[in-house]
Amino acid sequence: MIPTDSAKEAASQDFRLIGGAWQPVVANFEQLKAVLELDEAWFAITGIDAASLRADQKFLGYLDSDKNGKILTDEIKAAIRFMAEVLNDGSGFEKGSTELALDALNTDSPAGAELLSSAKQVLSNLGKADASSVSLADITDEKQIKNCVLCNGDGIITPDSVDEKLAAVINLAIKQSGAETDCSGASGINAARLDSFVGAAKALLAWYQEADTNPSLLPFGENTRNIYNAFSQIKEAIDDYFLSSATLSFLTTDPDRLAKKDSTADVRTPAEVMELLKKLAIAAPSAEDTLDLDGAINPLWKDKVQKFAAFSEIKELLQENKLTRRVWLDISAKLAPAGEWFKRCPDAPALLAVSKDELEKAIAEDGINALNDLIAKDLAAGSTLSKIDNLHKLLLFQAHMKEFLRNSLNLGALFTAGTPSWLQAGMMVMDGRHFALTVPVTNIADHKRIVTTSNICVAYVEVTRGLPGALTKMQLAVAITSGNMRNLFPGKHGVFFDPSGNVYDAKITDFIRQPVSICEALMSPFFKLGEFLGKQADKMLASKSNAAQQDLSKNIAAGKLPPPAPEQKSGMNGSMLLMGGGIGLAAIGSSVAFIVKSLQNVSFWSIIAILCGILLIFGGPMILTSLIKLYRRDLGRFLEASGCALNFPLRLSMELGNFFTHAPKRPLSSWEKGQLIAQGVIKKNRRKTTYVLLILLVLALLTCGVMHHFGYLTFK
């Protein structure tokens with residue numbers, strides 16, 4: 001969007017002074033909608049890395065609509081536009097509620113109407129059809145939503161979801177056409193499985209219809225199939241038997257020609273016996289052209305023959321349990337058409353197990369139509385449930401958008417005590433202080449290039465938590481905004497607390513050194529001078545020590561050893577020591593007298609002026625530079641180093657510095673609490689007064705000394 005009239009757009013928005021800058025705030029739903037007309041130049045942050053925010057990742061994922069990891073102002077406005085379109089009541093947004101009232105949805109909007117349908121379907125599936133609101137917990141329980149076997153969107157109907165009559169049809173269809181697995185895990189059928197079942201059933205019924213119009217297909221009635229199955233198993237063997245018997249009758253003069261003399265087997269070897277039986281006929285051929293069913297029959301065929309002969313329809317045709325060739329040919333002729341008809345039987349073994357009447361009832365039009373309607377209803381519910389993602393998005397926006405705007409549209413959360421903002425990683429405790437301004441860092445080198453220009457002292461800290469092999473590790477940038485740096489150094493350890501209360505070991509790995517406080521800036525020349533003098537003293541002592549060692553080494557090398565000290569009597573030794581001590585004291589006294597005499601001609605104020613001059617010459621630039629840097633500390637630049645695109649600088653004042661880095665107050669003991677009323681307040685006030693007076697006195701002395709040195713002030 002191209003801004004047009006910033007002043008006009010900003011007039012409808014509420015602004016407050018936050019962190020030293022005027023920033024827009026959103027306290028109600030109307031102000032949220034006003035953000036749509038707000039010029040992007042008024043946003044505190046126009047772009048932010050989603051990964052740097054300590055927030056619900058699902059919520060951030062919905063905000064980051066293009067999934068590039070960066071949340072820009074157009075994506076924020078798109079989210080607000082979505083909320084404004086589908087909601088007619090923004091009280092849930094104002095409260096940051098995780099529960100959405102159904103009557104808060106704007107059903108005049110197509111998107112709002114779809115969300116209402118989705119919410120009702122979800123509640124129905126959860127067994128809360130009468131509920132007036134849907135919660136974030138309801139939406140996130142996707143498994144429970146899909147556990148409703150009817151209306152879960154998969155188009156699968158299970159036996160448990162319908163009445164007993166339709167359940168029987170579904171079970172029969174599953175046996176015939178196979179099953180589909182419902183979202184709930186139960187077995188059922190979809191439209192394709194149902195169509196396959198109906199098609200197979202109709203084909204089988206049409207096959208049955210052939211027998212109704214052609215009685216010859218069932219010569220033995222309903223038992224024809226069973227008789228034919230037994231008949232087909234022995235037909236070839238009995239045909240061969242009667243052929244052999246007829247041949248035997250034909251060769252009555254030479255019956256041995258039908259015998260195979262070399263077909264023998266060892267009875268002790270079952271495999272050989274089996275091979276022999278397979279080669280032998282069903283029975284020994286008989287010239288009478290009759291098969292005696294009670295006679296000797298090949299063991300491989302005996303059970304099958306007896307099963308066939310056991311049918312009552314067959315028994316009636318036998319004569320004294322003997323099967324004649326004529327009867328066999330008659331049975332074969334009757335079963336031939338049936339055999340051809342049975343071959344045309346559809347491949348539907350599960351359907352053949354039920355009667356024709358049951359099958360006709362199963363595919364009755366009313367039952368199949370009812371199942372198709374249920375499948376269509378389930379699929380329609382799936383279309384509704386597909387909008388559940390938008391419902392989830394709306395609930396997350398309602399719950400978190402207000403807080404998000406306090407971390408992007410304005411920085412109100414950053415400057416609110418009590419809980420860290422989404423921009424902060426947590427709090428570090430080290431050196432007796434709390435460091436609250438902490439941000440995650442992925443690339444320290446890139447972060448340094450930007451944060452150096454902020455004039456803020458930054459410590460890079462590595463925090464770890466867990467056991468070896470399962471460590472959680474992070475790199476943080478910690479702003480040091482008050483106190484001093486004297487006890488902070490690379491390698492120093494502390495603890496870090498994330499917002500969830502998890503404790504990490506913290507170790508400083510690097511620094512960007514900048515002035516931290518005015519007190520440190522004023523004292524820095526003295527510390528520098530002390531360090532300089534200490535180093536010079538160390539150098540001088542080291543030089544003298546080295547020179548003495550070198551002289552001693554030369555003398556030893558040249559053989560010039562110092563003569564031993566002469567022995568003295570004990571009495572003389574004490575006297576000499578006393579004399580030496582007196583001489584030493586006299587020398588010291590004369591030195592002091594010389595110094596005092598020399599200073600008699602120099603005024604006290606001249607000495608003060610000289611000291612002030614030295615201080616101003618050597619410490620003045622250092623103090624001035626430190627004070628300028630302290631004044632120019634930019635909190636916005638610190639945040640920009642972490643991927644935030646700020647619209648304006650945020651000067652880090654001393655008050656804010658104490659807000660982000662401070663030492664907690666010591667809890668009072670019971671005795672101290674008793675003394676507080678009588679003495680504590682007075683002592684505290686006296687201490688403050690003493691500090692103020694000392695500072696004023698030092699400043700007055702410095703001023704007088706400088707004025708006296710330049711002749712503006714004389715003393716008599």
Side-chain angles (χ1 to χ4, degrees), residues 149-150 154-182 184-235 303-304 307-315 331 334-378:
V149 294
L150 190 62
D154 58 9
I156 298 173
I157 307 301
T158 65
D160 296 337
S161 63
V162 295
D163 58 34
E164 185 178 350
K165 178 182 176 182
L166 293 179
V169 177
I170 294 174
N171 285 325
L172 185 57
I174 289 174
K175 291 179 181 178
Q176 170 58 36
S177 302
E180 296 289 339
T181 302
D182 185 81
S184 64
S187 296
I189 59 170
N190 56 13
R193 299 284 186 185
L194 181 60
D195 290 343
S196 175
F197 161 71
V198 172
K202 287 182 176 180
L204 185 59
L205 288 174
W207 180 75
Y208 283 145
Q209 186 65 28
E210 293 185 40
D212 294 339
T213 58
N214 186 2
S216 65
L217 298 179
L218 294 174
F220 299 107
E222 296 296 329
N223 210 19
T224 300
R225 173 177 283 277
N226 296 328
I227 293 173
Y228 176 79
N229 289 338
F231 167 79
S232 61
Q233 292 182 17
I234 62 174
K235 180 180 183 303
D303 290 341
K304 296 177 182 179
K307 179 180 179 182
F308 172 72
F311 290 107
S312 59
E313 294 86 349
I314 302 301
K315 279 186 178 181
I331 293 173
K334 288 181 178 180
L335 290 176
E340 294 298 323
W341 180 60
F342 288 140
K343 290 178 182 178
R344 298 196 301 272
C345 178
D347 185 16
L351 302 185
L352 289 170
V354 300
S355 67
K356 178 182 175 182
D357 291 340
E358 290 178 355
L359 188 59
E360 287 177 341
K361 291 179 181 178
I363 64 168
E365 187 174 347
D366 57 342
I368 299 302
N369 288 342
L371 288 175
N372 280 320
D373 290 343
L374 289 174
I375 291 172
K377 182 180 178 181
D378 189 274

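On a predicted model such as this, the values are computed, not experimentally measured, just so you know. Numbers here are sequence positions counted from 1. Excluded from the calculations below are hydrogen atoms, water molecules and symmetry mates; all remaining heavy atoms, backbone and side chain alike, are included.
Ile170 contributes atom CD1, which lies 6.5 Å from atom OG1 of Thr158 (distance to the nearest 0.5 angstrom). A distance of 12.0 Å separates CD of Gln176 from CD1 of Ile189, quoted to the nearest 0.5 Å. Between atom CG of residue Leu218 and atom CG of residue Leu335 there is a gap of 10.5 Å, rounded to the nearest 0.5 Å. Between Lys202 atom NZ and Leu351 atom CG the span is 13.5 Å, to the nearest 0.5 Å. From Ile363, atom CD1 reaches atom CG of Leu371 across 12.5 Å, with rounding to the nearest 0.5 Å.
Nearest heavy atom pair, residue Thr224 against residue Leu217, reads CG2-O, 4.0 Å. For the residue pair Cys345 and Leu204, the shortest heavy atom distance occurs at SG-CD1, 4.2 Å. Contact between Ala191 and Ile375 at its shortest, heavy atoms only, is N-CD1, 3.7 Å. Closest heavy-atom contact between Tyr208 and Trp341: CA-CZ2, 4.3 Å. Of all non-hydrogen atoms in Ala309 and Ile314, the two that sit nearest each other are CA-CG2, 4.1 Å. Among all heavy-atom pairs drawn from Ser187 and Pro159, the shortest one is O-CD, 3.3 Å.
Scanning for salt bridge (Lys or Arg N to Asp or Glu O under 4.0 Å) contacts around Lys343 gives Glu340, with sequence neighbours left out. Scored by the side chain to side chain contact (heavy atoms under 4.5 Å, CB included) test, Lys307 finds no partners at all (sequence neighbours excluded).
Ring planes of Phe342 and Tyr228: tilted class, angle from 30 to 60°.
In this structure the side chain of Asn226 never reaches within 4.5 angstrom of the side chain of Phe220, judged on heavy atoms. In this structure the side chain of Phe197 reaches within 4.5 angstrom of the side chain of Val169, judged on heavy atoms. The closest side-chain heavy-atom distance from Asp212 to Lys356 is below 4.5 Å.
No side-chain donor-acceptor contact under 3.5 Å links Ser177 to the backbone of Ile174. Counting only distance, with no hydrogens or angles, the side chain of Asn214 and the backbone of Glu210 share no donor-acceptor pair below 3.5 Å.
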Item to complete: Before giving the answer on side chain to side chain contact (heavy atoms under 4.5 Å, CB included), spell out for Lys334 and Ile227 the whole-Å C-alpha distance, their side-chain angles and the decisive distance to 0.1 Å.
Response: CA-CA 11 Å; Lys334 288 181 178 180; Ile227 293 173; over 6 Å; no
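In the displayed structure, Asp163 atom CG is contacted under 6.0 Å by more than 12 heavy atoms of other residues, nucleotides or ligands.
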